[in-house]
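Down below is the structure, laid out as structure tokens.
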Amino acid sequence: MIMPKVTLNALIPGERCVIERIESGTMSVRQRLLEMGLTKGTNVELIRFAPMGDPIEISVRGYRLSLRRVEAESVIVSKNSHQ
Amino acid sequence: MNSLKTEIKLRHIAIIGNPNAGKTTLFNALTGMRQKVGNYPGVTVEKKEGRIIFEDGSEAILLDLPGTYSLTANSPDEKIATDVLLGRVDHTPLPELVVCVVDASNLERNLYLISQIIDNRLPVVVALNMFDVAERDGLKIDIQKLSAELGVKVIPTVGSKSLGIEELKAAIAGHVEPSSRSRQWILPAPVQEECDELKGLLQQMHRLPEPIAFHEAIVLLTSPSALSEHNDRYAPGLIEHVKRDHQKLDLLGIDRHSVVVESRYEWIKRVCSAATVSHRRRGMSASDKIDQILTHRVWGFVIFIGLMTIMFQSIFSWANVPMELLGDGFNWVGAQVYALMPAGDLRDLIINGAIGGAGAVVTFFPQIIFLFLFIGFLEDTGYMARAAFIMDRLMSKVGLHGKSFIPLLSSFACAIPGIMATRTIESRKDRLVTMLVAPLVSCSARLPVYALMIAAFIPRKTVLGIFSLPGLTLVAMYLLGLTAALSMAWVFKKTLLKSEAPAFIMELPPYKMPSFKSVLLHMWERSLLFLKRAGTIILGVSIVLWFLATYPKLEHASPSEQLNQSFAGRAGHLIEPIIKPLGFDWKIGIGLIGSILQREVFVSTMGTIYNIKDAKQARGNVSLRQHLQQDVDPVSGLPTFTALTAICLMVYYVLAMQCMSTVAVVRRETNGWKWPLFQIGYMTALAYSVTFIIYRIGLVLAEG
């Protein structure tokens, strides 16, 4: 079964997923996201949206990270069925 | 101060760590108050050094490197940290030892930086900080295992409670070897082969030592921009080689940009599973519960606006007392000099030029101290990141970053700390835009001008039952400043400083109790920096302005006549044709010239022109108001000042750059005169045209 492409910004608060890859975005944004721990296979949970709907807050590797929807759009994830 | 000779003999130790890992608290604990703040040559990154004294009485220099997540440079701050560790910074020797501060409660991401530093083959000691938080969270770390995995000494510390400081000192007092283990993260085989080959070439062609050659080889192979940024640093043959490598790896389907980061994180996973046992409780942490309120759709805003209101109220009301005390103090010193010295130009220069100028600098000091105190608390508790989180959407509408909000907000008190607060902004262009528009936000120095004009010319009417017209006018001025700042930011981002919307990738650290010591130290450093930066220029300009207002001398003239005939007075007459279209006469012209130093000088200049004896008292004095109200143009017989003139004057003061201190700080922060001069130019043009339009509209309305 082919899974549809899901991006990090499409999750709802409380939803968990696993990072597949970082696709688009500028090189420096990609590099920064990777270094902040968003590498392939990492578990991520969407915590909340900011009061005005953007940016978003995620939990990754035991800490909290905020990023804009535009940036989250470049993070391809697969929804985790194990959790 | 020690002589240069002993400086060279001392060991240099650098302290580095992720932001929010508690590095500054540890730095303070290790050095006590033996610190000094300077700048790295050529960049406006703060260089903070301290002296550490060991048990046997020997000393070492401890260099506090800017907080960074990685050695792959992003912001100027992070670049400096990398360059120091590679020995690439002038006048900063390669550190003999690196203390890495690691947040124990956030081990995985913090170990990323460690893995990069260990690769550099520098002797490393790890301070496993916030050890108590990790234990409270249910994370058990086996120190010995972690130490064995990393191959370096690991000392558990709790900076906020000064635990483990002596052990850390003891660990860095002696001789420390680089990590006993060779690199453990494993690159995929093809990448490893190219990396080894390139490392050999770098050692051979550029005579780089092994660890640095390895670091450069990795950066060249995997960083998207290294080749284009530094191609002047490498031999042409080497660049060709790197380009071929890129093609080869791309053909193999290897994602060059993520391969190193992924390899490192895989190693980190192995280290963590070997050295830690997690019993993290499921469910919400205290920080989560706080965030449910502080970043709530409704309450988040209410609390945010409430906090900011309290902050400004207190800056205005609390700082007022010491400001007046300082002002009185300078007046007292002036009076003493007046009594002690014989009458003459020198006495006048010292009292009105030097003491007056120094007073102008120092009276701002309390506001700046209070602002930095508040900002320090907001930063130290972790709220500052939430403020950026909440406000980012709004700031992104004008193309800026959530982090630009705080500098703009600070500028309500004074643009100088606001401009200094832009240092946290990573993108150079965004930082510049924020600096360019920050002085448009109405600072406290405009308040005396607004107060005088509103009290004298805005009728005390009630609008809509509850609002007073003077109050509304004041609010309108503040809103005008903010609107102008945001609009100009938008314009600059679209035109002159066009760049992509900045990335907003920011950690939201858990809330914590602030460390009073750190906050106070930080406040003090920042405030002194302001005195150093702005003080000399302000003093110089105030002496020049004194000269212009005093010469040429007239015999037996009243102060008013004297000022009228002085260079400044003549200049006021000279610029009258230019400012006439705005409804300003030569008297206001003199006031505008005096305001070049700082805006509230306008009030005292008006005092002198209208012969108010003690101009310093004119601010609250009724007589200056009455003089202004009764002043009549000798030719037309019409009043010099009307409500329209007053509004035009206030609008001009909202938009014009009339603050030497700000110019001085922008020059310092941008390393040149280009941007401060541009800033003066665009703000004057903006002020002139907007005031002109308002004056014309006002005249038409008055007729109709």
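Chain letters run A, B, ... following the sequence lines, proteins first and then strands; every chain starts at 1. Here the structure is a predicted model, which is why all the values come from computation and not from measurement.
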So which part of [X] gets closer than 4.5 Å to some heavy atom of chain A, the side chain, the backbone, both or neither?
| X | value |
| --- | --- |
| Ser396(B) | both |
| Tyr69(B) | side chain |
| Asp291(B) | both |
| Leu394(B) | both |

Can you tell which of [options] has the highest number of heavy-atom pairs within less than 4.5 Å of chain B?
| options | value |
| --- | --- |
| Pro55(A), Gly62(A), Gly37(A), Gly53(A) | Pro55(A) |
| Leu34(A), Ile56(A), Val29(A), Ile22(A) | Leu34(A) |
| Met52(A), Glu57(A), Arg61(A) | Arg61(A) |

Who pairs with Tyr511(B) by ring-ring contact (aromatic ring centres under 6.0 Å, His included), at least two apart in sequence or on another chain?
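None.
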
Any idea which heavy atoms bring Pro51(A) and Arg297(B) closest together, and the distance?
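Closest approach of Pro51(A) to Arg297(B): O-NH1, 3.8 Å.
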
Show the numbers, then the answer: is there a salt bridge (charged side-chain N to carboxylate O under 4.0 Å, His left out) between Lys40(A) and Glu266(B)?
CA-CA 10 Å; Lys40(A) 190 179 174 185; Glu266(B) 264 160 40; over 6 Å; no

As an exercise, state the distance from CD of Gln292(B) to CZ of Arg48(A), rounded to the nearest 0.5 Å.
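If we round to the nearest 0.5 Å, Gln292(B):CD and Arg48(A):CZ are 6.0 Å apart.
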
Considering residues, nucleotides and ligands other than Lys512(B), do more than 12 of their heavy atoms fall under 6.0 Å from its NZ?
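Yes, because the 6.0 Å sphere around NZ of Lys512(B) holds more than 12 heavy atoms from other groups.
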
Would a 4.5 Å heavy-atom cut-off, applied to side chains only, mark [X] and [Y] as touching?
| X | Y | result |
| --- | --- | --- |
| Tyr63(A) | Glu108(B) | no |
| Met506(B) | Leu65(A) | no |
| Asp288(B) | Arg64(A) | yes |

Donor-acceptor pair between Tyr112(B) and Glu35(A) side chains, under 3.5 angstrom
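Yes - a donor-acceptor pair under 3.5 Å links their side chains.
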
Salt bridge present between Arg32(A) and Glu78(B) (N-O < 4.0 angstrom):
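A salt bridge links Arg32(A) with Glu78(B).
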
Atom group of Arg30(A) that falls short of 4.5 Å from chain B, counting heavy atoms
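Contact with chain B involves the side chain of Arg30(A) alone.
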
